[in-house]
Amino acid sequence: MKNSLLTVVLAGGLVISGAIPPMISSNVQATTNGESNVLNERDLEKLQADYDVFYNGLQGFPTYSSSHAGGVSAIGENAFTVAINPDTIPFMGASRFGKGRVVAAGLSEYYDFSHSDPIKTKVSNNILTWVTRKDKPLPVHKTYEDALNGEGNITMVTNREIPVSPDLPITLKHVDNFLSLKLNPAKHQVVYVNNFHQPLSDGEVEALLKYVKKGGAVIFGEKGWVMEGYPKEWMANEYSKPKLSHYGIQKFLNEVGLSLTNVIATTKSATLPPLPLEKVQNYYVPTLIDKAKAIENGTLDANDLDIGPEGANTTKKKEIIAQIVSGTISSIVEDHPLLQKVLADMSQLEVNWPFVKSDYPYSSALLAYQVNEASLDPNGEKSPYADHFPGPVPQDAPIIHDKVIEVDFDYQDLSHLRMAYPPGTWISTGLYAPAGNTITIDVPEGTEDLYVQVGSHTDVLTGKTSWSRMPIVALQQKLEPGTNQIKSPYGGLVYLIPKTAKKNTKASVKISGTVSSPTFVQGQTTNEEWHNSVKNNPAPWGELVGEHVIFTLPKESLLAIEDPEALVEHWDSVADSYNTFVGIDPELPKPHKGLDRPHRYVADVQISAGYMHAGYPMMIPVDPAASHVVDPVLALERGWGFWHEMGHEYQQNPWKWGDLTEVSVNIYTLYIQEKFTDVKRLLEKSDDGKSHYDRALEFIANPSPSKKFTDNPLMDQLVFFKQLQLAYGWDFYTDLHIAYRELSSEELPSTDQQKKDLLLYMTSKTSGYDLVSFYQKWGWSITDEAIQKVKALNLPEPEVPVETLREYE
């Protein structure tokens, strides 16, 4: 069949045109009538018994707004989902494998052995109880139930540094590598795998599989979407942009019947109760694929499928199916039988346009898989969707040859700052690679750990229910010494990325085959040059490059700038104010030595989470935020979101936890707002006619001993932090950041409760006053031990009660 020129209508009415290869057809034949894998009565009894263990003493599994759990799918015949968000996807699964058992969760918080929170402890105890049980007794085998009943401790082997309460019957055995000891289910009842220490090697995967087959128990909990979308440098191994299928833990989980997915499962704080067992069956992925096919073929009405929240309509149900199927097949290892069946279907498919993702719960998953594979191909031909996004390059655009870019490998490890998101190491080149064009990169001999990235838009949208652009459009590739050639299906701005810091090391890299982008560099480009030539460069995307911050924007937004020098100076001043606020400077010694590279904001037509989100780069929407960047007036009037996300970058991990994440971040936002405007955000009134101060002071006056700080709305909670500033000035927070950086690693907290207790101590010590009463008036959960530690400082009570302070009109 020949390629044809078609018009593609994506969800939201966006229209793109191009040559569409014969990829997908909705006429896939379902292999079943949608009723496969229905459990018999005995199996349901067994599943009910399993659920009784997992939910013992719980109303449901908790979720946390500040820690978005990743998805977990059941793909093996002895696997099942444990915890499901009805609005999205499952986030915990369990499986029997041989004589042993495995539990995988999309969040590490479900394994909390510090005994600091009763709900978390109960969740962890239930998981350990189930995973150490045996369907048939094994000789000389101890379960966690035995241990809880006073029959000694179980031994937990882990490559993770975790706190374990002495109140729990657990003996921790730490290893750097699971091959360093011979795992024995009789001696080592549980293995807790940590992916953030180092990825599992193939040898470790085999050892763990043998251990489980013999009766061992493995538990794991991490966010698959973070592992894939935001990999640590050492997690990537030889992959420039790793997929979940590249990780050893995914290979292990897929073998036992479970799979991490790259989809976000939870975004809100909630308690999610167990679903009816008949409904749970519908989340088993092989069954769900058959039912998705049947829905597309018209042999099954989606209304008749019990999936999603109560009362879910047809569209919602199909969206959930698409999320689960797409997130699963895009994440499982290449040789898995389930993927092989999917690939066989893919060979028969063609696209029926217009294509609305939610209408085709199976075909959309196949399209997402193909898009993912194409985007990771460094030899990819131009995608038919490239002109829609990131945009076309004029055919007569002048091609640039042998542009020299200097790469400096001598950059800091910024871990001493204890920031949540320190800037990464992308080097802007001012060049743009047209989609499907070959670009040549000459790398000097002896240069190692250098990568090229084509495209700024690194957010992965595979798990979203609709697409305003293709879900993966950025390409990253490792460069070898000598001549490298690369083609991107979508094109984009070209970046060089040194992945390993090296003292006194630079490399001059030559790039050919690109076009110029409209890039303004503070101190190098003049306003006159900008208006006479630079802004008219042919690339559809360009950048504003300052000393402290870089903005990546579409050309149409850049063309609206009248005075780029003043605009970049403004944003640079804002960004540098954060450095001043937290007390860092490049001229200071560690741990206060400041940043040696800028932050980045990238505008996109669709991002992976929220209106904006933090990270590297920080992501903002083209509409309307790009227009706010380039307008000096709107930059101040609509600046809260930009300032908020930058605040997330600077939040210090030792006093960032749970729901506090979206509260304490706005200390920075308020500081910038007050420095650059006259606005007082906390005085804004809601529909009830009350300001945030009004409600906060009412809460403080409430004498109830059971009130909790988190009972307040987030902006009302912010009053707590503002009151400390009103009492002790903005320098108080500067000193607090300095004090946290000066803590030794041994003094750093590891649990939420330890973080709360330490914050009480640090704020009291920094202010010079005993703040115990202030925290108590606000309903903070602090331990007696923490209170006594503050009392030992012998500090005076505040001269004016801090909890009475407020701003006025």
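Residues take their numbers from the sequence shown, with the count starting at 1.
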Between Gln652 (side chain) and Ala420 (backbone), is there a donor-acceptor pair under 3.5 Å? no

Taking Gly430's backbone N and O only, do any of them form a donor-acceptor pair with Ser428's side chain (distance below 3.5 Å, no angle check)? no

Report yes if the side chains of His457 and Val602 come closer than 4.5 Å at any heavy-atom pair, otherwise no. yes

Between Ser67 and Glu109, is any side-chain donor less than 3.5 angstrom from a side-chain acceptor? yes

Can you confirm whether the side chains of Glu637 and His628 place a donor and an acceptor under 3.5 Å from each other? no

Ignoring hydrogens and geometry beyond distance, is a side-chain donor-acceptor pair present between Arg741 and His416 at under 3.5 Å? no

Between the main-chain N or O of Lys120 and the side-chain N or O of Asp112, is there a donor-acceptor pair closer than 3.5 Å? no

Ser259 versus Gln250, side-chain donor and acceptor atoms under 3.5 Å: yes

I want to check something: taking the side chain as every heavy atom from C-beta on, are Arg597 and Thr425 in contact at a cut-off of under 4.5 Å? yes

Under a 3.5 Å cutoff, is there a donor and acceptor pairing between the side chains of Asp576 and Ser573? no

Do the side chains of Asp604 and Arg469 get close enough for a salt bridge, i.e. N-O under 4.0 angstrom? yes

Does a side-chain heavy-atom distance below 4.5 Å link Asp117 with Asp752? no

Ser456 and Arg600: side chain donor to acceptor below 3.5 Å: no

For Pro617, run the side chain to side chain contact (heavy atoms under 4.5 Å, CB included) check against Thr458, Ile550, Asp459 and tell me which one passes. Thr458

If we count only N and O atoms by modelled type, under 3.5 Å, do the side chains of Lys675 and Ser577 hold a donor and an acceptor together? yes

Output all residues satisfying salt bridge (Lys or Arg N to Asp or Glu O under 4.0 Å) with Lys722, sequence neighbours left out; order by chain, then residue number. Glu674

Residues two or more places apart in sequence or in another chain: which of them pass salt bridge (Lys or Arg N to Asp or Glu O under 4.0 Å) with Lys317? none

Side chains of His644 and Asn666: do they bring a donor and an acceptor to under 3.5 Å? yes

Under 3.5 Å, is there a donor on one side chain and an acceptor on the other for Asn262 and Glu228? yes

